[in-house]
Amino acid sequence: MHKHSTRMLLAETSKRAANYLDGLENSRVFPSTEAVQCLRDFLDAPLQEGSIEARQILAQLDEYASPATVASAGGRYFGFVTGGTLPASLAANWLAGAWDQNAFSTVSSPALALIEDAALRWLKDVLLVPAKAGGALTTGATMANFTCLAAARHRVLRAAGWDVEADGLFAAPAINVVVGEQAHGTLFKVLAMLGLGRERVIQVPADGQGRIQADLLPDLQGPTIICIQAGNVNSGAFDPASRIIAWARDNGAWVHVDGAFGLWAGAVPELAHLVAGYEQADSWATDAHKWLNVPYDCGVALVRDSEALQGAMSISGAYLLLNEQERSAIDVTPDSSRRARAVDVWAALKSLGREGLVDMIHGHCRQAAWLAGELRDAGFEILNEVVLNQVLVAFGDDARTQTVIARLQEAGECWCGGTNWKGRQAMRISISSWATTRQDMLRTRQAIVSAAA
Ligand SMILES: *Cc1c(COP(=O)(O)O)cnc(C)c1O
């Protein structure tokens with residue numbers, strides 16, 4: 001393409017994107033059925049023979065797809081702990097798109113190797129993970145859990161004299177895998193992918209907030225991995241790490257933390273009590289695309305024993321520890337070719353600074369506490385202890401709660417999803433976007449009260 005027309009295309013696209021973001025204030029949070037149908041009709045076409053000018057394609061995308069999007073980039077989307085995208089991170093993501101770096105190693109992109117190292121260093125710092133831990137950016141917390149648990153599998157089987165990467169699991173010593181009853185659904189998928197089994201796990205009963213009951217942990221022998229949770233996806237509750245880690249020491253177990261959003265509590269001094277003890281774990285998975293508010297997709301895998309990480313993920317199968325300068329993403333992640341997600345993370349942290357990060361995360365927790373108080377005052381039932389950014393609310397029996405959720409979603413002023421909490425239907429409100437203002441909170445309270453009227 002002509003240089004000049006590329007420049008025009010990008011300028012026009014940035015205008016479209018800015019207009020889209022500006023429009024979120026007054027658009028429906030979940031698209032209307034008509035808007036989605038309109039996009040479906042537009043897409044229902046065979047691939048044409050000739051080429052089409054890029055500007056026209058962008059115009060069509062904007063015309064048909066923009067109105068069909070979910071306004072999760074705006075301030076009133078409270079589903080799935082998604083978070084928005086910080087402006088600096090969005091813009092950095094665009095620039096990185098222009099760079100088109102393949103971020104698998106120093107050889108493919110020296111710049112990306114450096115930026116990823118810097119981003120990981122800052123992440124470990126703010127998440128209270130030991131500076132020496134190995135790590136990598138993954139697609140999300142699912143693959144971060146996968147990466148960490150592959151390292152765990154490597155280490156506990158090595159200690160039992162078994163090389164799982166070379167010889168597979170077929171005649172390997174059995175591994176005890178311990179999880180909380182309320183572990184995230186994706187964790188079971190990860191265990192299935194790793195050959196550890198969704199169902200052969202030992203599930204420890206949870207308490208009323210969904211936390212592992214540490215006094216119910218069994219005594220175990222042999223290779224053992226326990227998965228604990230920083231931030232229950234419904235209640236926001238934290239498993240009692242210190243007691244679990246003491247048990248793990250007695251039982252020689254690897255402790256893995258699924259902290260997809262909850263680990264970010266560590267960045268806030270006022271919330272650090274929630275993650276007390278977590279720094280003693282062996283591995284940590286979290287998401288940057290959730291609470292750090294970077295674009296999808298971006299997870300973070302951190303492993304204390306970086307040799308175990310390389311042992312599990314090295315492309316050559318050799319797990320001689322490479323020195324840090326030679327660290328290549330291809331040796332510490334499931335992926336080979338990969339996008340420049342470190343740029344998004346680095347720009348987000350750089351733009352917020354420590355104070356901005358604290359204000360954002362703590363601010364969401366305060367917004368959650370405020371909204372819970374308002375809804376309680378309005379006569380609704382708050383089902384969880386609001387310790388973080390999650391609020392579970394019921395509006396009466398299950399049928400009534402479901403009706404209120406459906407009405408709220410239909411009205412389009414904000415979006416909250418439904419969930420099942422201890423056998424009851426509940427509405428889940430996750431506050432995790434930098435874009436959520438006080439005005440958004442007032443509008444949300446009003447929308448919920450109206451939907452329940
Ligand atoms: C979101 C979440 C996951 C999965 O994360 P993805 O980024 O969607 O892969 C895992 N565990 C918990 C606790 C989560 O909240």
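Both counts, for ligands and for their atoms, begin at 1 and track the order of listing.
For ligand 1, the polar-atom distance check against Asn145 finds no nitrogen or oxygen pair separated by under 3.5 Å. For ligand 1, one of its N or O atoms has an N or O atom of Lys290 under 3.5 Å away. Polar contact with ligand 1: present for Ala141 (N/O pair, distance under 3.5 Å).
Arg443 and Gln446 form no side-chain donor-acceptor contact under 3.5 Å, judged by distance and modelled atom types alone.
Glu116 places a side-chain N or O within donor-acceptor distance of the main-chain N or O of Leu137, the cut-off being under 3.5 Å. Not a single donor-acceptor pair under 3.5 Å links the side chain of Glu279 to the backbone N or O of Leu128.
Ligand 1 has Val233 within reach: a non-hydrogen atom of the residue lies less than 4.0 Å from it. Not a single heavy atom of Met143 lies less than 4.0 angstrom from ligand 1.
Taking a cut-off of under 4.0 Å to the non-hydrogen atoms of Thr142, the atoms of ligand 1 that pass are 4 (C), 5 (O), 6 (P), 9 (O). Listed by number with element, the atoms of ligand 1 under 4.0 Å from a non-hydrogen atom of Asp287 are 5 (O), 6 (P), 7 (O). Applying the 4.0 Å criterion to heavy atoms of Phe261 picks out, from ligand 1, the atoms 15 (O). For ligand 1, the atoms lying closer than 4.0 Å to a non-hydrogen atom of His289 are 7 (O).
Nearest protein heavy-atom neighbour of atom 11 (N) of ligand 1: Asp258 OD2, 2.7 Å.
With contacts defined as side-chain heavy-atom distances shorter than 4.5 Å, the pair Ile226/Val204 does not qualify. At a threshold of 4.5 Å between non-hydrogen side-chain atoms, the residues Leu169 and Trp162 do not count as touching. Tyr296 has its side chain within reach of Thr82: a pair of non-hydrogen atoms, C-beta onward, lies under 4.5 Å apart.
Taking 4.0 Å as the cut-off between side-chain N and carboxylate O, Arg424 and Glu381 count as a salt-bridged pair.
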